[in-house]
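Chain letters run A, B, ... following the sequence lines, proteins first and then strands; every chain starts at 1.
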2 protein chains.
Amino acid sequence: MKENLIETLIGIFTVDKGKIKILLMHKKDEPYKGYWILPGSFLSSDETLEDNITDVVCDELGLPSMYIEQCSTFSNLNRYPEKRVLATTFIGLIDNITLVLKRKELDNVELSWFDIDSIPKTGYDHDKIIEKLIDYLRKRIISSNILRILFPSDFTLPELQKVYEQILGITIDRRNFRKKLINLGYVIDTGDVNEGYMGRPAKLYRFDENVEERNLF
Amino acid sequence: MKENLIETLIGIFTVDKGKIKILLMHKKDEPYKGYWILPGSFLSSDETLEDNITDVVCDELGLPSMYIEQCSTFSNLNRYPEKRVLATTFIGLIDNITLVLKRKELDNVELSWFDIDSIPKTGYDHDKIIEKLIDYLRKRIISSNILRILFPSDFTLPELQKVYEQILGITIDRRNFRKKLINLGYVIDTGDVNEGYMGRPAKLYRFDENVEERNLF
DNA sequence: CTTCCTTTGCGTTTATCATACACTCATATT
DNA sequence: AATATGAGTGTATGATAAACGCAAAGGAAG
């Protein structure tokens, strides 16, 4: 037998109040009823993996189209009950503002955002897959300026720092973090500030489009 | 139609005289007869992708088992003539000494090593795939100590430097390169030297097993 | 054996970047 | 007005990176 079933799965990430969140679906039927799983669908022979996952994002989840990257393909023989199904996985990134503005509410799916540090009980092998997706995201954040997709404009440096600290598992000195990003020309002061919160208002920044990729940490 | 054919493809890399080489197969039948292609095979429903590609390496190519990593899965609709075939790609790394010692000669396959800077005319979409595999290798070399697989023991620093320069497309100062690797404890002097060539004999080194991963360039 | 050529190894200086740490500023809360 | 909270600024010190001149060890040629 040379024919195989393939599913696509996507970990969609966003940042809310300095915390990285992942979108999971509540499964309403067996198997794994009541568990949380990654969104996805089965691949037809007339579409690419990328087209398929874009359809999932837009049509099934009611989300705006977003930046995606392919991660890896899982092929364990027992990862699916009964039949053999491979899974090609993706990460999707969407900033919180676009998310709130363009999201369509759908009735038949139950979706929730989870902090990546507290993933709920998941079905299938999705715990392993989620772990790998987060690890992939971590490496991409280190080695590229992919974070600018999650921070489109008018973000504060403390917000950005919290994300680095969460995903890299490190603590960074406030003042050195600020110095580094500003001195390297990574971020630009917009002139506005972020009022209405406790303490001194934070300045708002945006990423400089013209700066080249490099490892920050 | 939800069923799909999947093939595996592997770019096997080694280093010979400071140059990175990739192994390609000469295709003896149509389509793409006479062109060069990546080794691989079709996936059965009773094996994982990794098992499949390991079989290709050992049984079809007569090579010793080697370090492999999965790269990405290609799913363009027109990448294969007639039917729809997805391709999951791998990189494989093997050092030259093990290669020479343990390689079994097979009659029915024509294999050649090509410098990664001069890839011959390839069949299917393998030119794009090879490009992506080399790019993947580059990123892994930057962000991990994967190179030690290609340099198992008793290598010279100029050799190692040449590989960095080739894959990263940079030129490095001889003296600073040496200083960096030695000071960081990355390499250890074996005490032996590499005689019989022009100029002063180069010292032989090996990687320190206990050093942690970090970006060198 | 001497001279030249080739390639590798070693050291120093300078500039750049990273780390550590103390203080001030602007708002909300009481 | 006093306090709490979170944000912004500066400076000294150490570590790492970059640039560069020169010596050493062999082979090749006379």
Between Glu110(B) and Lys28(B) (salt bridge meaning N to carboxylate O under 4.0 Å), is one present in this structure?
no
Protein-nucleotide distance (Leu160(A), atom CG; dA7(D), atom P), rounded to Å
13 Å
Separation of Gln161(A) atom CD from dG8(D) atom P, in whole Å?
10 Å
Readout for nucleotides 17-27 of chain D: B = base within 4.0 Å of protein heavy atom, S = sugar-phosphate only, - = neither; 5' to 3' it is SBBBB--BBSS
Verify the neighbour count for atom NZ of Lys132(A): are there more than 12 heavy atoms of other residues, nucleotides or ligands below 6.0 Å?
no
Rounded to whole Å, please give me the gap between CD1 in Ile172(A) and P in dT19(C).
10 Å
Rounded distance in Å - CG (Asn194(B)) to C1' (dT8(C)):
11 Å
Nearest whole angstrom, please: distance from the C1' of dT8(C) to the CZ of Phe177(B).
13 Å
Side chains of Thr54(B) and Asp51(B): any donor to acceptor distance under 3.5 Å?
no
Applying salt bridge (Lys or Arg N to Asp or Glu O under 4.0 Å), run through Asp125(B) and Arg79(B) and close with a yes or a no.
CA-CA 6 Å; Asp125(B) 55 351; Arg79(B) 61 172 299 278; 2.8 Å; yes
Nearest whole Å is fine: how far is dC17(C) P from Asn183(A) CG?
9 Å
Quiz question: by atom type and distance under 3.5 Å, do the side chains of Tyr67(B) and Glu69(B) form a donor-acceptor pair?
yes
Residues 203-217 of chain A, side-chain donor-acceptor partners within the protein, below 3.5 Å, at least two apart:
residue, atom, partner, partner atom, Å
Lys203(A), NZ, Asp189(A), OD2, 3.4
Tyr205(A), OH, Arg178(A), NH1, 3.2
Asp208(A), OD1, Asn210(A), N, 2.9

